[in-house]
Undergrad: 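Below you will find the structure I want to go over with you.
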Amino acid sequence: MPEKETHVYLDYNATTPLRDEVRAAIIEDLAVYGNASSMHADGRRARARVEEARQAVGDLLSGSAKGVIFTSGGSESNNTVFQAMRRLAAGPDGAPKKDGRTGIITTEIEHPCVLNSARDLAEMGFDVTFLPVDQNGKVRMDAYRSALSEKTLFVSVMMANNEIGTIQDIAALAAPAREAGAFFHTDAVQAVGKVPVNVTELGVDYLTMSAHKIYGPKGVGALWVREGAPLFPLIQGGHQEDGYRAGTYNNGGILGFGTAAVLAREHLAVYGREMCALRNRLRDGLLERVPHIKINGHAGDTLPNTLNVSFPGAEGEAILLSLDLAGIEVSTGSACASGSLEPSHVLLAIGAGPEFAHGSIRFSLGWGVTEEGIDYVLQTLPPIIARLRAMSTVPA
Ligand SMILES: *Cc1c(COP(=O)(O)O)cnc(C)c1O
């Protein structure tokens with residue numbers, strides 16, 4: 001038998017493994033084949049499970065279960081809000097009605113599914129503002145106040161950033177939007193299950209979440225909608241989800257999401273403490289062992305599990321691949337996924353210079369990470385950085 005290879009997964013902001021209880025619930029549910037929209041006993045049984053999951057998801061947000069609409073994930077939830085707002089304000093030609101509200105406010109650091117939805121509406125004639133952020137990733141309130149007007153249709157600001165972990169003060173952003181008569185949406189995919197999220201306290205109209213970021217299955221998520229807030233379906237069809245999201249229920253996925261939501265709520269406080277301790281161990285260890293590094297993001301208002309570090313003089317991708325060879329899985333902002341070496345839009349938005357943006361690594365922690373795993377990273381990474389810097393022409 002070969003020795004078990006070291007494997008330290010530190011990419012929980014990209015996706016999480018299923019928790020054992022979630023996997024068991026999904027496997028058990030595979031035997032329940034009823035269509036949750038059918039009126040007979042099998043259908044009702046399946047439906048009851050969907051409603052239980054809806055309650056669990058509503059409870060995790062301290063909001064009404066009634067406001068929970070199941071979708072295929074965070075991307076669909078975000079698209080649903082943007083397209084519903086377009087539908088609300090557009091004339092028959094698809095362009096916004098000139099005498100109506102035409103303004104959309106979002107930020108430069110949103111997830112691509114929000115950025116591209118916003119760009120799409122800009123092309124249709126909406127007046128889109130991408131708010132700048134400060135060096136810690138916080139929305140610039142002065143820019144926000146001057147962008148907000150009686151022409152603003154809606155505002156969309158993510159609660160926590162997936163790359164650098166910065167948490168926005170959503171309540172303080174939502175209040176003036178609603179005073180101006182605009183709707184407020186937050187992409188809370190990275191916040192839910194990591195920090196307390198209470199839709200009533202936040203004062204939002206729409207909130208996006210995704211199951212696979214909280215140890216649930218991929219391909220399922222939810223949009224929470226305040227009672228009375230306007231909504232139109234992205235997917236037309238039957239009357240599932242009160243007609244707001246058609247398509248036969250993804251029972252197993254929804255059930256797994258519900259189980260994950262129950263666990264997330266139960267373990268929220270412990271999660272915060274444990275991730276914070278592990279993250280700080282990694283951060284302090286790196287600061288001690290690797291010269292000339294920079295921690296990106298906000299020191300206080302940040303996700304407990306996220307650490308984004310710039311290693312100037314080394315390429316993010318080269319670091320990632322070297323770590324991968326050693327069994328350590330992380331991510332980098334300079335995505336070669338896009339086929340280019342474009343630096344992260346988030347790091348550029350916080351004003352990181354090109355070498356800091358190119359040499360950045362995101363470590364995102366979760367259940368299953370141990371102190372031994374962190375210590376293995378602390379032992380493995382410094383020589384990698386030293387080697388890459390020695391090869392580089394860019395001064396550290
Ligand atoms: C992962 C993620 C999404 C997309 O969610 P999916 O369920 O994968 O579509 C949206 N926003 C943020 C901030 C994310 O991290």
Side-chain angles (χ1 to χ4, degrees), residues 9-18 22 53 57 60-61 68-83 106-120 130-131 133 137 139 156-168 170 173 185-195 197 202 204 206-224 234-235 245 247 250 252-254 256-258 260-261 264 297-298 301-308 330-333 335 337 344-347 349-350 362-366:
Y9 182 76
L10 296 176
D11 204 10
Y12 287 78
N13 285 9
T15 197
T16 58
L18 294 178
V22 173
V57 172
L60 181 58
L61 307 174
V68 175
I69 292 169
F70 288 115
T71 65
S72 69
S75 300
E76 184 187 322
S77 298
N78 287 341
N79 273 268
T80 300
V81 173
F82 274 76
Q83 292 307 321
T106 184
T107 79
E108 288 180 350
I109 62 166
E110 300 294 315
H111 189 271
C113 61
V114 163
L115 287 179
N116 288 333
S117 292
R119 287 181 191 130
D120 192 39
F130 294 92
L131 294 175
V133 295
V139 167
S156 180
V157 177
M158 72 197 324
M159 186 161 173
N161 184 268
N162 44 307
E163 290 188 35
I164 57 173
T166 300
I167 298 174
Q168 306 295 339
I170 294 298
L173 291 160
H185 164 248
T186 187
D187 173 350
V189 168
Q190 292 291 346
V192 169
K194 294 178 184 155
V195 294
V197 175
L202 295 176
V204 299
Y206 309 95
L207 181 141
T208 290
M209 56 192 301
S210 175
H212 77 97
K213 304 283 173 79
I214 62 164
Y215 308 90
K218 293 164 181 63
V220 58
L223 177 65
W224 183 88
L234 191 64
I235 297 180
R245 206 289 185 172
N250 167 13
I254 291 171
F257 186 12
H298 198 280
D301 296 338
T302 185
L303 292 174
N305 77 318
T306 305
L307 183 69
N308 190 302
V330 298
S331 91
T332 171
S344 143
H345 68 285
V346 177
L347 291 182
I350 63 171
R362 176 187 72 186
F363 305 92
S364 51
L365 284 49

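As the structure lists them, so they are numbered: ligands from 1, and atoms in each ligand from 1.
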Undergrad: With nothing but distance in play, are any N or O atoms of Asn78 less than 3.5 Å from an N or O of ligand 1?
TA: no

Undergrad: Would you give the length of the straight line joining atom CD of Glu110 to atom OG of Ser117, rounded to the nearest 0.5 angstrom?
TA: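 Going from the CD atom of Glu110 to the OG atom of Ser117 covers 10.5 Å.
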
Undergrad: Gly73 heavy atoms, cut-off 4.0 Å: which ligand 1 atoms fall inside?
TA: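 Those of ligand 1 that fall under 4.0 Å from Gly73 are 7 (O).
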
Undergrad: Asn162 and Arg362: which non-hydrogen atoms are nearest, and at how many Å?
TA: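 Here Asn162 and Arg362 meet closest at O-NH1, 2.9 Å.
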
Undergrad: Does Cys113 reach ligand 1 with a nitrogen or oxygen that is under 3.5 Å from one of the ligand's nitrogen or oxygen atoms?
TA: no

Undergrad: Give me the atom names and distance for the closest heavy-atom approach of Tyr12 to Gly366.
TA: CD1-N, 3.4 Å

Undergrad: Going by heavy atoms in the side chains, are Val57 and Phe257 under 4.5 Å from each other?
TA: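 Yes, side chains in contact.
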
Undergrad: Taking all non-hydrogen atoms of both residues, which atom of Ala222 and which atom of Val68 are closest, and how far apart?
TA: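 Looks like CB-CG1, 4.0 Å.
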
Undergrad: Tell me: protein heavy atom nearest atom 3 (C) of ligand 1, and distance?
TA: His111 NE2, 3.5 Å

Undergrad: For atom 6 (P) of ligand 1, what is the nearest protein heavy atom, given as residue, atom name and distance?
TA: Gly74 N, 3.4 Å

Undergrad: With only distance considered, is His212 within less than 3.5 Å of ligand 1 through an N or O on each side?
TA: yes

Undergrad: Show the atoms of ligand 1 that are less than 4.0 angstrom away from any heavy atom in Lys213.
TA: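 Counting from 1, the qualifying ligand atoms are 1 (C), 2 (C), 3 (C), 14 (C), 15 (O).
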
Undergrad: What heavy-atom pair brings Val330 and Phe363 nearest, and what distance separates the two atoms?
TA: CG1-CD2, 3.6 Å

Undergrad: If hydrogens are left out, which of Val220, Thr208, Asp187 has an atom nearest to atom 10 (C) of ligand 1, that is, the closest non-hydrogen atom?
TA: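 Among Val220, Thr208, Asp187, the closest heavy atom to atom 10 (C) of ligand 1 comes from Asp187.
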
Undergrad: Could you check which of Pro112, Ala14, Ser75 puts a non-hydrogen atom nearest to atom 4 (C) of ligand 1?
TA: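 When every heavy atom of Pro112, Ala14, Ser75 is considered, Ser75 comes closest to atom 4 (C) of ligand 1.
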
Undergrad: Under 4.0 Å from any heavy atom of Asn162, which atoms of ligand 1 are there?
TA: 13 (C), 15 (O)

Undergrad: To check you understand the geometry: which heavy-atom pair defines the closest contact between Met158 and Gln168, and what is its length?
TA: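 Here Met158 and Gln168 meet closest at O-CG, 3.3 Å.
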
Undergrad: What do we get for Lys218 next to ligand 1 when only non-hydrogen atoms under 4.0 Å count, side chain, backbone, both or neither?
TA: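 For Lys218, there is no contact with ligand 1 at all, from either part.
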
Undergrad: Which value, rounded to the nearest 0.5 Å, describes the distance between Thr208 atom OG1 and Glu76 atom CD?
TA: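 Those atoms lie 10.0 Å apart.
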
Undergrad: Within the 4.0 Å heavy-atom shell around Met158, which atoms of ligand 1 are there?
TA: 13 (C)

Undergrad: Numbering the atoms of ligand 1 from 1, which are under 4.0 Å from a heavy atom of Gln190?
TA: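 Those atoms are 13 (C), 14 (C), 15 (O).
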
Undergrad: Of the non-hydrogen atoms in Leu115 and Thr107, which two are nearest, and what is the gap between them?
TA: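 Here Leu115 and Thr107 meet closest at CD2-O, 3.5 Å.
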
